[in-house]
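Presented below is the structure to which this report refers.
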2 protein chains.
Amino acid sequence: MTDNIFKKHNLRITDIRKEVLDCFVQSDIALSHSDIELLLFKEYDRVTIYRTLNSFLEKGILHKVFDDSGVAKFALCKYDCNEHQHNDNHVHFKCEVCSKVICFHDMQIPHLPVLKGFSIHHINLLVQGVCPECQVQ
Amino acid sequence: MTDNIFKKHNLRITDIRKEVLDCFVQSDIALSHSDIELLLFKEYDRVTIYRTLNSFLEKGILHKVFDDSGVAKFALCKYDCNEHQHNDNHVHFKCEVCSKVICFHDMQIPHLPVLKGFSIHHINLLVQGVCPECQVQ
DNA sequence: AAAAATAGTGCAACACTGTTGCATATTTAA
DNA sequence: TTAAATATGCAACAGTGTTGCACTATTTTT
Ligand SMILES: [Zn+2]
Ligand SMILES: [Zn+2]
Ligand SMILES: [Zn+2]
Ligand SMILES: [Zn+2]
């Protein structure tokens with residue numbers, strides 16, 4: 001039950017939150033606001049969906065993924081993120097055929113040479129290519 | 001003179017094109033449409049600026065950089081890109097303080113483990129942190 | 001159990017990014 | 001210098017995302 005997740009993160013349990021979280025739990029790809037809008041059973045105000053996504057983001061339930069489209073997508077945080085810290089330094093993949101974006105939660109981002117004068121806080125790696133389902137045999 | 005660049009890429013030499021290209025030549029950071037709008041001397045229609053950026057993109061004069069803001073930024077292509085192929089597989093850095101985005105043209109993107117079933121065409125790597133100018137001493 | 005405090009939702013409005021269609025203007029080549 | 005090709009400006013639009021405010025629902029306090 002997703003209710004525990006809300007309790008853990010100090011969010012009130014509401015219909016839209018349950019529905020939106022279910023979308024992510026049942027999806028293996030990152031979802032945008034408009035994806036969510038299509039997936040929901042009940043109709044909710046656009047703004048409410050945005051606010052739901054933002055509160056999930058803030059609390060560490062979701063993380064944000066940017067692909068080359070400029071539209072924000074979201075995916076579940078796998079490793080205990082919270083409102084103080086996110087730990088989502090994994091690789092993302094975008095299929096150029098079906099446009100699906102997926103998390104490679106377990107693929108480490110390789111080390112980079114140290115940059116003189118720059119401090120590094122976060123690395124974002126997006127791989128673009130063709131996913132197994134879209135491969136031409 | 002930037003005119004040769006236009007001739008090389010089969011673009012007519014116009015005022016806006018010269019001005020926009022100058023912005024990039026004189027800038028060491030990636031620029032967005034609205035950055036450009038502020039930098040231009042003459043006033044041009046927003047749409048014309050978009051079209052200028054898109055034609056430069058298409059011809060391989062500029063490449064597109066996406067940071068976590070979702071707004072497209074552009075930067076000069078360094079290694080002879082053209083309308084058939086871009087070769088801009090380098091690392092980008094975004095400073096979390098000043099928000100400037102810069103190209104690390106010569107930093108190679110490290111190799112990733114091969115992914116079963118996925119084919120990789122392009123890798124996009126954005127490093128976020130603090131640039132030398134924004135470091136607190 | 002009722003009242004007060006807190007948090008969430010819906011609506012209207014807005015700002016910004018980016019695109020398209022079409023008429024007009026400018027370049028370039030003949 | 002004219003015709004063809006290309007570029008620009010304007011109007012309109014679609015999509016993404018935010019804010020303010022009134023209203024509603026949920027918790028907490030009394
Ligand atoms: Zn996270
Ligand atoms: Zn992810
Ligand atoms: Zn390029
Ligand atoms: Zn670059």
**Item:** Side-chain donor/acceptor contact of B:Arg51 with base of C:dG18 under 3.5 Å
**Value:** no
**Request:** Would you tell me if any nitrogen or oxygen in the side chain of B:Asn54 comes within less than 4.0 Å of OP1 or OP2 on C:dG18?
**Result:** no
**Message:** So B:Thr14, base contact, sugar-phosphate only, or nothing? Heavy-atom distance under 4.0 Å.
**Reply:** sugar-phosphate
**Asked** Which listed nucleotide (D:dT18, D:dA7, D:dG17) is nearest to the side chain of A:Val71?
**Response** D:dG17
**Item:** Distance-only donor-acceptor test, A:Arg46 side-chain atoms vs D:dG15 base atoms, 3.5 Å
**Value:** no
**Asked** Expressed in angstrom and rounded to an integer, what is the separation of B:Asp45 atom CG from D:dA7 atom C1'?
**Response** 12 Å
**Request:** Take B:Asn10 and B:Lys59, measure what side chain to side chain contact (heavy atoms under 4.5 Å, CB included) needs, and give me the verdict at the end.
**Result:** CA-CA 8 Å; B:Asn10 259 302; B:Lys59 295 292 185 174; 4.2 Å; yes
**Asked** Rounded to the Å, how far apart are A:Asp68 CG and C:dG18 C1'?
**Response** 15 Å
**Asked** Do the side-chain N and O atoms of A:His121 and B:Glu96 include a donor-acceptor pair separated by under 3.5 angstrom?
**Response** yes
**Item:** Donor-acceptor pair under 3.5 Å, B:Arg12 side chain vs D:dA5 base
**Value:** yes
**Request:** Round to the nearest Å and state the distance from B:Leu40 atom CG to D:dG9 atom P.
**Result:** 11 Å
**Item:** Any side-chain donor near an acceptor of the partner, A:His86 and A:Asp88, under 3.5 Å
**Value:** yes
**Request:** Looking only at side-chain atoms of A:Ser34, point me to the closest of C:dG21, C:dT9, D:dT16.
**Result:** D:dT16
**Asked** Does B:Ile13 or B:His33 map to a spot on DNA chain C nearer the 5' end, using the closest nucleotide for each?
**Response** B:His33
**Prompt:** Parallel, tilted or perpendicular: which describes the rings of A:His105 and A:Tyr79, with under 30° parallel and over 60° perpendicular?
**Reply:** perpendicular
**Message:** What I want to find out is whether A:Asp67 reaches A:Lys100 closely enough, with some N-O distance under 4.0 Å, to be called a salt bridge.
**Reply:** no
**Residue A:Thr52, side-chain heavy atoms: nucleotide from D:dC10, C:dT9, C:dG18 that is nearest** = C:dT9
**Message:** Let's see if you can work this out: which of D:dT18, C:dT9, C:dT19 has an atom nearest to the side-chain heavy atoms of A:Val47?
**Reply:** D:dT18
**Fill in**
From the candidates C:dT20, C:dG18, D:dT19, the one with an atom nearest any side-chain atom of B:Tyr50 is C:dG18
**Whole-Å distance separating the CZ atom of B:Arg17 from the P atom of D:dG9** = 12 Å
**Prompt:** What integer distance in Å separates B:Asp3:CG from C:dT28:P?
**Reply:** 9 Å
**Item:** Separation of atom CG in B:Leu31 from atom P in C:dT17, rounded to whole Å
**Value:** 14 Å
**Interatomic distance where CD1 belongs to A:Ile49 and P belongs to C:dG8 [whole Å]** = 16 Å
**Asked** Do B:Tyr44 and B:Glu19 have side-chain atoms, one donor and one acceptor, less than 3.5 Å apart?
**Response** yes
**Complete:** A:His9 NE2 to C:dG8 P, in whole Å, measures 14 Å
**Request:** Using a heavy-atom cut-off of under 4.0 Å over every strand shown, decide if A:Asp15 touches base, sugar-phosphate, or nothing.
**Result:** nothing
**Request:** Answer yes or no: does a side-chain N or O of B:Asn10 lie under 4.0 Å from OP1 or OP2 of D:dT6?
**Result:** no
